[in-house]
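I have placed the structure first, in the form of structure tokens, so that the comments after it can refer back to it.
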2 protein chains.
Amino acid sequence: MATSTGRHDGGAAATTPTAAVPPRDGPRRADARRSIAAILDAALAALGRGPEINMAEIARAAGVGRVTLYGHFPSREALVDAVVAHAIARAAEALDQVDIDTGPAPAALSRLATTSWRILDQHRQLMAAGQRHLGAARMREHHDRVMDRVRKLIGRGQADGDIRTDLPTDWLITAFYALLHAAAEDVNAGRLDPARTGDVLAATITAALRPPA
Amino acid sequence: MATSTGRHDGGAAATTPTAAVPPRDGPRRADARRSIAAILDAALAALGRGPEINMAEIARAAGVGRVTLYGHFPSREALVDAVVAHAIARAAEALDQVDIDTGPAPAALSRLATTSWRILDQHRQLMAAGQRHLGAARMREHHDRVMDRVRKLIGRGQADGDIRTDLPTDWLITAFYALLHAAAEDVNAGRLDPARTGDVLAATITAALRPPA
DNA sequence: CTTAACTCGAACACCGTCGTTCGGGTTAAG
DNA sequence: CTTAACCCGAACGACGGTGTTCGAGTTAAG
């Protein structure tokens with residue numbers, strides 16, 4: 001898989017049937033790089049809203065022809081795969097922008113929630129879509145790479161006595177992401193004020209993860 | 001919509017083109033009622049697992065022919081609609097089995113979570129599926145009917161000082177359902193022990209909704 | 001300027017699903 | 001037992017999405 005090159009071959013045909021794609025993975029033209037970026041962005045937005053993709057719609061949203069799309073991504077599976085990789089990079093970038101290693105863990109979790117609930121929710125939506133179109137195996141690996149930061153942060157909080165230890169750690173991570181996602185969903189539905197969302201999330205999460213009295 | 005009757009008309013045809021369905025909504029035969037129940041159950045299970053329905057698969061899971069399915073439900077939309085109504089009834093029944101009006105509200109919420117997280121999650125899954133195949137308008141009404149009980153319960157707890165009032169009530173309801181759903185998802189993924197789920201949920205929810213110190 | 005990479009619309013075959021029809025077999029109800 | 005309701009498999013036309021090919025135009029790169 002993953003040929004994804006020019007594919008023109010125009011007039012003369014059928015002289016060399018095998019390996020008809022000249023510049024395999026050499027540096028693309030500026031033109032092509034622009035198209036790829038537009039497709040990736042459009043597909044990310046589309047998949048972030050729901051898993052009902054449609055190659056034609058994605059191409060239209062990217063301002064690109066359907067044939068061009070197939071020229072770069074040989075199948076829907078390849079497209080989704082590339083979009084996931086793209087989103088992982090963005091999510092990791094968002095997580096890097098938050099200082100996680102200093103101060104009490106609950107405060108760090110609050111900072112994380114306050115600044116990144118939006119992109120992290122988009123990430124989750126994409127995971128659901130990717131799970132349907134790709135295998136759960138490939139998803140799991142990527143997802144865990146981002147998830148591990150939160151796991152370590154929670155572990156640190158537990159060692160410091162700032163986070164409860166009477167419940168499974170995996171469940172605390174799940175609860176963290178679930179609340180993040182729920183807040184994003186409520187904002188999308190107009191039930192929650194985006195301006196308040198950060199504080200609301202911080203208050204709820206710290207309360208849920210605080211050691212019981 | 002919702003004709004859904006015998007539809008046999010066999011040999012002789014085209015004498016009376018209009019109203020060719022004899023026993024409109026009279027009492028069906030025992031046979032038919034059995035089929036309808038099987039279809040409803042199979043569709044509920046299928047939609048509870050994911051929105052990728054497939055009339056043929058549902059029919060097969062119900063142990064019924066595809067034609068029979070269409071005989072009772074003229075379209076996929078009609079089927080989903082009926083399944084939603086069926087699920088609403090089940091969910092309301094589950095909620096009725098829990099004593100909500102006595103004792104402190106947090107304890108009542110714990111009881112609710114402990115005994116009904118499974119069916120309430122199935123209900124939520126179905127909502128997502130129904131939202132795609134039906135309008136969001138019809139969904140909203142049904143969903144709210146069940147949701148209002150939790151809203152009233154939370155309101156009572158707030159009046160008694162047992163539940164926090166520093167966050168929007170709608171958000172507390174969302175958080176309650178989000179944690180319920182997350183727990184069911186973790187159980188399905190094998191990350192959470194079903195036997196512990198009730199207690200884990202109760203501990204998390206009471207902590208998240210308790211007034212801050 | 002020349003060349004090769006890139007883009008594009010139109011059209012095609014393929015496949016899965018939907019909803020329907022036909023004809024005949026089965027089963028509950030009187 | 002008789003009748004009408006019900007069930008079923010096979011097959012059909014329609015629709016929408018996928019991935020591909022053709023032929024010609026456009027655009028970056030040397």
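In this text, all values refer to a predicted model and were calculated from it rather than measured experimentally. A, B, ... follow the sequence lines: proteins, then strands. Residue 1 opens every chain.
- A distance of 3.5 Å separates OG1 of Thr174(B) from CG of Asp186(A), quoted to the nearest 0.5 Å.
- The distance from atom CE of Met55(B) to atom P of dG19(C) is 6 Å, rounded to the nearest whole Å.
- The only option from Arg149(B), Arg151(B), Arg156(B) that meets the side-chain contact (heavy atoms from CB on, under 4.5 Å) definition with Leu153(B) turns out to be Arg156(B).
- Between Gln122(A) atom CD and Gln125(A) atom CD the span is 9.0 Å, to the nearest 0.5 Å.
- Remark: Thr68(A) is in phosphate contact with dC8(C), judged by side-chain N or O atoms under 4.0 Å from OP1 or OP2.
- For the pair Leu69(B) CG and dT17(C) P, the computed distance is 15 Å after rounding to whole Å.
- When the P atom of dG17(D) is taken as reference, atom NE2 of His133(A) falls 13 Å away, rounded to whole Å.
- Annotation: of the two residues near DNA chain C, Glu77(B) and Arg33(B), the 5′-most nearest-nucleotide partner is Glu77(B).
- Contact between Val83(B) and Leu44(B) at its shortest, heavy atoms only, is CG1-CA, 3.8 Å.
- If you check dG19(D), dC8(D), dC7(D) against the side chain of Val67(B), the one that comes closest is dC8(D).
- Side-chain proximity of Ser35(A) to dG19(C), dA28(C), dT7(C): nearest is dT7(C).
- In this structure, the nucleotide among dC6(D), dT18(D), dG19(C) sitting nearest to the side chain of Ala32(B) is dC6(D).
- Side-chain N or O atoms of Thr206(A) include one that pairs as donor or acceptor with a backbone N or O of Ala203(A) at under 3.5 Å.
- Note on Arg34(B): every side-chain N or O is 4.0 Å or more away from OP1 and OP2 of dC7(D).
- Between Arg60(A) atom CZ and dG9(C) atom C1' the separation is 14 Å, expressed in whole Å.
- Within 4.0 Å of Arg66(B), counting heavy atoms only, lies at least one base atom of the nucleic acid.
- The CG atom of Asp31(A) sits 13 Å away from the P atom of dA5(C) (whole-angstrom rounding).
- Atom OH of Tyr70(B) is separated from atom P of dC12(D) by 18 Å (rounded to the nearest Å).
- The distance from atom CZ of Phe73(A) to atom C1' of dC6(C) is 15 Å, rounded to the nearest whole Å.
- Between Ile36(A) atom CD1 and dA5(C) atom C1' the separation is 13 Å, expressed in whole Å.
- Considering only side-chain N and O atoms, Arg29(B) lies nowhere under 4.0 angstrom from the phosphate OP1 or OP2 of dA5(D).
- OP1 or OP2 of dC7(D) lies within a sub-4.0 Å distance of a side-chain N or O belonging to His72(B).
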